[in-house]
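Both counts, for ligands and for their atoms, begin at 1 and track the order of listing. All values reported here derive from a predicted model rather than from experimental measurement.
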Amino acid sequence: MIKDLVTDEAILSTPCEPATAEDAPVAQDLADTLASIEDAACLAANQIGVTKALFVYQDDAGEVHAMYNPKILMALGGAKVAESCLTHEEPSTVTRFAKIKVSFDELVDGQLKARRRDFTGWVAQMIQHMVDHCKGKLV
Ligand SMILES: [Zn+2]
């Protein structure tokens, strides 16, 4: 279901609770809402008002993935970049890393499975932005 975006800083700055397999409907809402926004490639649960550590992103092939409970384990090649946000008006300058190693959970057959994967470039940047959202950190 397409949800309204939340711009309330009190909600956006609340650190998110761990997400569980029961949050699968939230992941679907995120995917539906993301698809409804032009030029958007990622969306965190708290941006639709659900303070759970969960987000969706679209990869270079246009496929949408949901990541539960993401943690950045390692980051290499930091550089300052200007970044904008769907739920924050002013673009800001932040340090983002070119290569990251992430642990996260993926929903497989109704259960969360622990994963570890490396990401680079644009997808790595989006994931770092989304992990900040999950921590309640506004860029
Ligand atoms: Zn954002």
Legend entry - Metal proximity, C85 vs the Zn ion (ligand 1), N/O/S cut-off 2.8 Å: yes
Inset, instruction - Taking both backbone and side-chain atoms into account, decide whether H88 has an N/O/S atom under 2.8 Å from the Zn ion (ligand 1). - result: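 No, since none of the N, O or S atoms of H88 sits under 2.8 Å from the Zn ion (ligand 1).
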Legend entry - Donor-acceptor contact below 3.5 Å, side chain Q125 vs main chain R96: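 No; judged by distance alone, with no hydrogens or angles, the pair does not exist.
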Legend entry - Exam field: side chain T33 to backbone K3, donor-acceptor pair closer than 3.5 Å: yes
Could you pull out every donor-acceptor pair under 3.5 Å between side chains of residues 42-49 and any protein atom, sequence neighbours left out?
from: N46; atom 1: ND2; to: H133; atom 2: O; distance (Å): 2.9
from: Q47; atom 1: OE1; to: A44; atom 2: N; distance (Å): 2.9
from: Q47; atom 1: NE2; to: T87; atom 2: OG1; distance (Å): 2.9

Inset, instruction - Scan for side-chain hydrogen bond (donor to acceptor under 3.5 Å, both in side chains) pairs involving residues 49-60, sequence neighbours excluded, and state none if there are none. - result: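 Listed once each, the pairs are D23-K52, D59-H65.
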Inset, instruction - Report, rounded to 10°, the angle at the Zn ion (ligand 1) between the two atoms NE2 (H129) and NE2 (H133). - result: 110°
